[in-house]
Amino acid sequence: MIYTITLNPAVDKTIEIDNFEVGTLNRVSSVRLDAGGKGINVSKVILSLGGKSKALGILGGISGKFIKEYLDHYGVDNDFIFMEKDTRTNLKIIDKVRKTNTDINEPGPDVDVKYIDMLKEKLFRILNKDSIVVFSGSTPKNIHKNIYYQWIMSAKDIGAKTILDADDELLKYGVQAGPFLVKPNINELEKLFNTSVKSIKQAVNLARSLINKYGIEIVVVSLGEKGALFLDKTCSIFSRGIKVDVKSTVGAGDAMVAALAHSIDMGLGFDKSVKLAMATATANVLTSGTQPADYSEIAELEKQITFEYIDF
């Protein structure tokens, strides 16, 4: 069973504005509301892939109620802790004329540690050696940034496989726990090592150092439209991105994580996992907001995905 953890969920409000201009009146052509937050996005995509997961996290207020009802409506299994403070709303502005995507994300409310403890107790009561746990996204600003490190270590003690998709200090601390899989994008990899990555070879070497130093089994580095790198202890793969008509890049990384988690859960081979991850991420950018793509679209794109083994 796959469990996704979202400590700082959001209502994703996606608006489309043609020729968006700062400092003047803009008229919205369409509005879409989705349940969001990285872990929630992962669960939504796992469902579209035909897999099963349970979304866990902390919700609050009217916006939290909306997220719960949204997930229930679409059949996404969930079990949240509820508090009084409102869950945040993130604004996504899409300009199809200028082909830009602008994210305006709220920080989210502080969360009393008692709710964090309640969620932790709920999660670790149901985990077992066959579980996969996805720790992804930001955390409430009052919570220490080593929380993923602590929970990954505890999950590993049970024998569960863990996936980490976070940035800044959450990533810095988290990788030290040696999760089963970690998925930084290229910018996050650069910040983690405090360097500028100039080549695929350099990115591969940095990613492999995470495997060698922390015992991470798989490192996936997303390169945006250029593609992605997939590394395990025995090989390195580069899959080039395919050109598509991008509607929104929001949630593409979450879609890739969903495909990777589903692949691990289904016991798919590394080659098949690479193709599914690339196709799922690509299909995601063809949809508006954080709406998951249909599996039929993913299956068609999967036929177009190619990759090569690289050895430096």
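We use all heavy atoms of the structure for the numbers below, so side chains are in, but hydrogens, waters and symmetry mates are not.
The closest side-chain heavy-atom distance from K68 to F82 is below 4.5 Å. Looking at heavy atoms from C-beta onward, F238 lies in side-chain contact with R240 at the 4.5 angstrom threshold. Within the 4.5 Å cutoff, the side chain of D12 has no heavy atoms near those of the L33 side chain.
Annotation: the span from S53 atom OG to L47 atom CG amounts to 7.5 Å, rounded to 0.5 Å. Taken to the nearest 0.5 Å, the CD1 atom of I2 stands 9.5 Å off from the CE atom of M266. Rounding to the nearest 0.5 angstrom, the gap separating the CG atom in L276 from the CD1 atom in I298 is 7.0 Å. One finds the CG atom of D117 at 13.5 Å from the NZ atom of K122 (value rounded to the nearest 0.5 Å). Summarising the geometry, atom CG belonging to N185 is positioned 9.0 Å from atom CD belonging to E190; distances are rounded to the nearest 0.5 Å. Put simply, CG on D95 and CD1 on I17 are 8.0 Å apart, with the number rounded to the nearest 0.5 Å.
Side-chain N or O atoms of D130 include none that pairs as donor or acceptor with a backbone N or O of N128 at under 3.5 Å. A donor-acceptor pair under 3.5 Å is formed between the side chain of S136 and the backbone N or O of G39. Side chain of Y214 to backbone of P179: no donor-acceptor contact under 3.5 angstrom is found. Under a 3.5 Å cut-off, the side chain of R208 and the backbone N or O of C235 do form a donor-acceptor pair. Although no hydrogens or angles enter the test, the distance criterion places no donor-acceptor pair under 3.5 Å between the side chain of T4 and the main chain of I40. Judged by distance alone, with hydrogens and angles left aside, the side-chain atoms of D271 form no donor-acceptor pair with the main-chain N or O of G269 at under 3.5 Å. A distance-only check finds a donor-acceptor pair linking the side chain of K156 to the backbone of G178 [under 3.5 Å].
A continuous path of ILVMFWY side-chain contacts below 4.5 Å connects F270 to Y309, so both sit in one hydrophobic cluster. Under the 4.5 Å side-chain heavy-atom criterion for grouping Ile, Leu, Val, Met, Phe, Trp and Tyr, M118 is connected to L127 within one hydrophobic cluster.
Salt bridge absent: K96 and D18 never bring a charged side-chain N and a carboxylate O closer than 4.0 Å. E16 and R27 are not joined by a salt bridge, as no carboxylate oxygen comes within less than 4.0 angstrom of a charged side-chain nitrogen. Salt bridge status for R88 with D86: absent, with no side-chain N to carboxylate O gap under 4.0 Å. Using a cut-off of 4.0 Å between Lys/Arg side-chain N and Asp/Glu carboxylate O, E188 and K172 are scored as not salt-bridged.
Below 30°, between 30° and 60°, or above 60°: for F135 and Y148 the angle between ring planes is between 30° and 60°, a tilted geometry.
When the options I305, T306, L301, I242 are evaluated for a side chain to side chain contact (heavy atoms under 4.5 Å, CB included) with M278, the one that passes is I305. Test N90, V11, T87 against E106 for side chain to side chain contact (heavy atoms under 4.5 Å, CB included) and you get one pass: N90.
Partners of A258 according to the side chain to side chain contact (heavy atoms under 4.5 Å, CB included) rule, which considers only residues two or more places apart in sequence or in another chain, are V42, V45, I46.
Between T234 and D232, the side chains place a donor N or O and an acceptor N or O closer than 3.5 Å (distance only, hydrogens not considered). The closest side-chain donor-acceptor pair between N105 and K92 falls under 3.5 angstrom.
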List, one per line, each side-chain donor-acceptor pair under 3.5 Å for residues 158-169, sequence neighbours excluded.
{"from": "T162", "atom 1": "OG1", "to": "F180", "atom 2": "N", "distance (Å)": "3.4"}
{"from": "D165", "atom 1": "OD2", "to": "K38", "atom 2": "NZ", "distance (Å)": "3.4"}
{"from": "D168", "atom 1": "OD1", "to": "K191", "atom 2": "NZ", "distance (Å)": "3.0"}

